[in-house]
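See structure below.
Just so it is clear, the structure is predicted and the values come from calculations on it, not from any experiment. Chain letters run A, B, ... following the sequence lines, proteins first and then strands; every chain starts at 1.
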There are 2 protein chains.
Amino acid sequence: MAVATARKPAVPTAERILDVAERLVQTRGFKGFSYADVAEHLGITKASLHYHFPGKAELGEALIVRYSARFAGALERIDAKVPSAGAKLDAYVELYAKVLRARRMCLCGILAAEFETLPGPMRDAVVRFFDDNQAWLATVLTRGQADGVLSFRGTAEDAAQSLISGLEGAMLLARPYADPRRFESAARRLLAGVVADPER
Amino acid sequence: MAVATARKPAVPTAERILDVAERLVQTRGFKGFSYADVAEHLGITKASLHYHFPGKAELGEALIVRYSARFAGALERIDAKVPSAGAKLDAYVELYAKVLRARRMCLCGILAAEFETLPGPMRDAVVRFFDDNQAWLATVLTRGQADGVLSFRGTAEDAAQSLISGLEGAMLLARPYADPRRFESAARRLLAGVVADPER
DNA sequence: GTCTATAGGCAGATAGAC
DNA sequence: GTCTATCTGCCTATAGAC
């Protein structure tokens, strides 16, 4: 129970570290930020960071785990609130668009580009993120197809993969052009590719 | 005219440096390789590299310029040899597939992920690469549409952007899974999205 | 939990001999 | 053109006081 005089720091240090590191990775990549960067932004020392996360590899893994959990939560909320398959896909795309509007790349998308240089545990966590997304999308696509509101060729898993890679690619290229419309335009086209044609 | 006894080194040192650096960037990213890496692979010293390319920024720019020129040459050859718009698109996708089969990412795709940390001249060169690709694709799409073999909604420029980002995203995600089929499957779906439906 | 201080390594880069 | 030698800076990481 919350007491009136209770005052824990609004956000624990470990979380604040993750917040700053997450932003830096999403904008500059995993090799593009340092403990010194994070420390400076938080007004603490590098040594303190090592207390919360022993090494950069552990910090990186924690970033992906938290990001994936937050994403999974968002997908659950979509499932709970949005009934139709088409609207679920719209909401899914909006998750990406929101990241891009913050001028960030998808965390796991940018880490996919650096995949070769990542520590093993980080690699595994990145792949899990995409597997989870694919599974969720495949379910939505399958139900949408059964309901007749969605239409696509091949397996739902296949179509889900294409959607994810299409969205990640659209984010990747939107940033150099600093133009979110580049993403939105590509996203609309991707969605149009799985929506059942009403003229048929 | 070539003389029988003439023997320049088969490949000039600067080219060999670019060859090694290109492979390293395409697999590990621009921040993922060092002058020491390149020097070791070539059996020369770091200092020698600085003779050919004063700094990493100049080396990086030279990489993109050469890569773009080679790509432009490939597009010219496609234009010269391949008549139909559909086959041109197939040949275009094959350019990407070939890179991926060498277990590399598109040079400018991986640099797009690192865009924020790149020197200005490298950024400009990356954007030019994508602009050139978009222009070529838009021309192919426009002619294909006029000929009735291709069909897509919106502008050709828009569709070209979507194709490029779709292909880049498919490469990006194929590598963590070490599975070229992931790329091929997504590429087929992208092409199917612009091919005129014969049933219409 | 946070600090100061520092270790140890590797990065990009330069000077100057050959 | 290539070398040796060296510089400077930043990186990750640790020891140990408070």
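Annotation: side chain of Y92(B) is in contact with side chain of I164(B) (closest heavy-atom distance under 4.5 Å). At a threshold of 4.5 Å between non-hydrogen side-chain atoms, the residues V99(B) and M171(B) count as touching.
By the side chain to side chain donor-acceptor pair (under 3.5 Å) test, R103(B) is found to be paired with no residue, residues two or more places apart in sequence or in another chain being considered. Scanning for side chain to side chain contact (heavy atoms under 4.5 Å, CB included) contacts around A102(B) gives R104(B), with sequence neighbours left out. For E94(A), the side chain to side chain donor-acceptor pair (under 3.5 Å) criterion is met by R101(A), not counting sequence neighbours. Under the side chain to side chain contact (heavy atoms under 4.5 Å, CB included) criterion, V82(B) pairs with I78(B), A87(B), K88(B), not counting sequence neighbours.
The side-chain hydrogen bond (donor to acceptor under 3.5 Å, both in side chains) analysis of residues 41-56 of chain A, with sequence neighbours excluded, yields the pairs T45(A)-S48(A). Evaluation of the side-chain hydrogen bond (donor to acceptor under 3.5 Å, both in side chains) test over residues 111-130 of chain B, restricted to residues two or more places apart or in two chains, returns none. Applying the salt bridge (charged side-chain N to carboxylate O under 4.0 Å, His left out) test to pairs two or more places apart or on separate chains, those with a residue in residues 162-185 of chain B are D179(B)-R181(B).
When the C1' atoms of four end pairs are superposed on the next four at each end of the helix from dG1(C)-dC18(D) to dC18(C)-dG1(D), using five pairs per end, the two resulting axes differ in direction by 0°, to 10°.
Listed by residue number, G43(A), I44(A), T45(A) are the residues of residues 16-45 of chain A with a heavy-atom contact under 4.0 Å to DNA chain C. Taking a 4.0 Å limit (strictly below) on heavy-atom distances, residues 51-66 of chain A reaches DNA chain D at G55(A), K56(A).
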Discussion item. Set out, in order, the CA-CA distance, both residues' side-chain angles and the distance that settles salt bridge (charged side-chain N to carboxylate O under 4.0 Å, His left out) for R153(A) and D158(A), then state yes or no.
Written reply: CA-CA 9 Å; R153(A) 295 180 189 170; D158(A) 223 60; over 6 Å; no

Acceptor/donor pairs from residues 105-112 of chain A side chains to any protein atom, 3.5 angstrom cut, sequence neighbours excluded:
none

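Heavy-atom minimum distance, A138(A) versus E157(A): CB-OE2, 3.9 Å.
When DNA chain C is scanned 5' to 3' for any atom under 4.0 Å from a heavy atom of chain A, the first and last hits are dG1(C) to dT4(C).
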